[in-house]
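In what follows, a structure is listed as C-alpha cells, so that the remarks can point back to it.
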2 protein chains.
Amino acid sequence: MELSVKVNDCKECIYRSWAFKNLSDDELKLINSRKKEKFFRKGELVCLEGDTVTSFLYLQTGLVKLYKTESNNREHIISIAKPMDFIGLLSIFSNTVHVYSITAIEDSIVCLVDLEVIKNLIKTNGVFAIDFFEKISKVADSVIKTRVDINTRQLRGRIAYILLHFSKHIYNSSKFNLPISRKEVAELIDMSTENVIRVLSEFRKDKIIQIEGKNIEILDIKRLEKIYDLG
Amino acid sequence: MELSVKVNDCKECIYRSWAFKNLSDDELKLINSRKKEKFFRKGELVCLEGDTVTSFLYLQTGLVKLYKTESNNREHIISIAKPMDFIGLLSIFSNTVHVYSITAIEDSIVCLVDLEVIKNLIKTNGVFAIDFFEKISKVADSVIKTRVDINTRQLRGRIAYILLHFSKHIYNSSKFNLPISRKEVAELIDMSTENVIRVLSEFRKDKIIQIEGKNIEILDIKRLEKIYDLG
DNA sequence: CGCGGCTTTGATGTTCATCAAGTAAAGTGG
DNA sequence: CCACTTTACTTGATGAACATCAAAGCCGCG
C-alpha cells in the first residue's frame, strides 16, 4: 500500500539538506517538477536488489534499512539510514541497478528525484556538484567506518555500538524504542539472534540498560562507552 | 627516500584513467602543471592518518595498502589499491584529513594532483564531474562490498577470497608473488596470522595451491572458487 | 654472528553459533 | 472475539570455529 503524493514544494521543504542549498529558484522548480514523495508503511519495500536505478532517493522522515539477501536466504543489513540521508548509497553513479534492497523499518517518507535531473544539475551547477558529492561521500565513508568498527569488535562491543548509535545519532535520547527486531540487530552487526538477546540481558543484569520489549533506556552511558572502546 | 619527478605529460600518460578522458588539452595542461609524480619504495609511507588532504592521489604503478592503526597498535587494512585506482577513497570530499594511512607494498608511482584543480574541473566541466564520480563511486562501492564479503565468510572462504583476488584482479595469473606478509594478510581479512598460515598449509596439502615462501600458484581454481562460494 | 622479525606447527582455552525447548506476543481466519 | 498459527523472544547446553600461547626453525640485516 504505497501512497504517492506530491505534497511539498522543494523550495519550502524543511527537510532540504545542505547539499541542495546552492540551487537557484529555477533549479529547485525543475527538481520539484520531477520528484515524487512516497509514503512507505513500516515493513514496506522501497526497492529491491537488482531494480534499475531511475531515481535519486532521499529520506525525509522515518528509518529505512539497506540489506543484501544472501544465497541461503538470510539477510545481511549494511546500514540504517536516517532522515536527511541519501539512501541507495553510491549505486547511482557506480551501477545501473540497485546493489542493495531497501525496506522501511518505520513509517517513512522518501523523496524520489529523477536521476537525470540530478545528473544534469551536476553538469551545469558546479557548486552544487561539490556540495552534493561532499554529502554523499560522507554517507558512504561512514558506512565503511561502521563496517570496520563492528568487525573489529566482539559481541559486547558490537551491542554497545548499536545502543550508542541509536541513542546518539538517531534518537538523541538515552531512552528510545528500538525500531528493529533482535533478529535484525543480529543481521546488522553480524552475530546470532540468541547472542544479541544474551548480551542485552547481560547488560540489563549489570544495570547498564533497562529493557521492556523494544523500549530501551541507557542507564550507565559511561560504562557502555567503555565497553565499546575496549571492543 | 622519496623521489619527486615530473616525468610525463598528462596528455601522453598511458595510465590516464577513463575518468580523465573528457578533458580538453587546456584542462590537461592545467592538471599537468599542478601535479607531481612521486616514487615510493616498497614499505614507504605515502600518507599518514590525520594528514591534511591537499592532493588527489592516483596510483600509476605498484600496489599500496590503506589501513588504520588501532589503539592497541595493531594495524587493520581496509583495502589494497592497484594501478589506475584512486587512492585515499572519498576522504577528498568528506574530510579535510586522511582517514587512513597509506603505505606502498610494492615499488609504486603515485600521481598527486592539487585538489583545488580537481575541484575546479568538477565545477567547470560537468561531463568530467560525472565521469569522475562514476569512477570514484565504483572504488568506494567495491570496498564496501569486499568488507561485507569477507565478514560473512569463515576462514577458508576468506583465504580463498584473497587468493582469487590477487590472481584475478591484480596479477591476472594463476602464479604470482604475494606482495604482503602473512601478518598483513591477517590484518586485511580479519584473522590471526597463525590461522592464515594454517589454512594456506591446508590448501597446499589438498593440492589446491602450491607455496614456496611468497610464491603462490593456484593449481585447482575450481575448488578454490567453490570454497569461496560456500563461505 | 647474533638479533629481531617472519614463518610454521602443536596445544590450549575462549568466543561464539547452533541446537533444543519453552514462553510470550502478534497476526489470521472462522 | 476467540482458537489457531506463526513469529518473536528468551534461556540453557553443546560443540565448532577461532584466537592465543608456546616453542622452534628460518631468513635478512646490521
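Here is how names work: the chains are called A, B, and so on, in the same order as the sequence lines, proteins then strands, and each is numbered from 1.
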Run Thr146(B) and Asp149(B) through side chain to side chain donor-acceptor pair (under 3.5 Å) and show every step you take. CA-CA 5 Å; Thr146(B) 301; Asp149(B) 272 5; 5.8 Å; no
Without decimals, in angstroms, what is the distance between [X] [atom1] and [N] [atom2]?
X: Glu187(B); N: dG5(C); atom1: CD; atom2: C1'; result: 14 Å
X: Met191(B); N: dT14(C); atom1: CE; atom2: C1'; result: 17 Å
X: Leu230(A); N: dT15(C); atom1: CG; atom2: P; result: 14 Å
X: Asn215(A); N: dC9(D); atom1: CG; atom2: C1'; result: 15 Å
X: Gln154(A); N: dA17(C); atom1: CD; atom2: P; result: 11 Å
X: Lys183(A); N: dT7(D); atom1: NZ; atom2: C1'; result: 10 Å
X: Arg182(B); N: dT7(C); atom1: CZ; atom2: P; result: 5 Å
X: Leu200(A); N: dT11(D); atom1: CG; atom2: P; result: 10 Å

Can a side chain N or O of Lys214(A) be found less than 4.0 Å away from OP1 or OP2 on dA25(C)? no
Ignoring backbone atoms, test whether Asn195(A) places a side-chain nitrogen or oxygen under 4.0 Å from the OP1 or OP2 oxygen of dC16(C).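 Checking dC16(C) against Asn195(A), no side-chain N or O comes under 4.0 Å of OP1 or OP2.
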Using a distance-only criterion (donor-acceptor N/O pair, under 3.5 Å, no hydrogens), is the base of dC9(D) paired with the side chain of Glu194(A)? no
Under 3.5 Å donor-acceptor pair, Arg198(B) side-chain atoms to dG10(C) base atoms: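 Yes, a donor-acceptor pair under 3.5 Å.
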Counting any heavy atom closer than 4.0 Å, what does [X] reach on the DNA or RNA strands: base, sugar-phosphate only, or nothing?
X: Thr193(B); answer: nothing
X: Ser192(B); answer: base
X: Arg204(B); answer: sugar-phosphate

Looking only at the side chain of Arg74(A) (C-beta and beyond, no hydrogens), which of the listed nucleotides dT20(D), dA17(D), dT18(C) gets closest?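 Closest of the options to the side chain of Arg74(A): dT18(C).
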Nearest-nucleotide pick for Ile197(A), side chain only, options being dT7(C), dA19(D), dT11(D): dT11(D)
Short side-chain to backbone donor-acceptor contact, Asp85(A) and Lys82(A), under 3.5 Å: yes
Any idea how Phe176(B) and Tyr171(B) line up, ring-wise: parallel (<30°), tilted (30 to 60°), or perpendicular (>60°)?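 Rings of Phe176(B) and Tyr171(B): parallel, as their planes differ by under 30°.
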Determine, stepwise, if the pair Asn151(B) / Asp190(A) fulfils side chain to side chain donor-acceptor pair (under 3.5 Å). CA-CA 8 Å; Asn151(B) 292 313; Asp190(A) 288 322; 5.2 Å; no
Regarding Arg153(B) and the six-membered ring of Tyr161(B), is the cationic atom NZ or CZ under 6.0 Å from the ring centre and inside 45° of its axis? no
By nearest-nucleotide position on DNA chain D, the 5'-leaning member of Arg153(B) and Lys205(A) is Lys205(A)
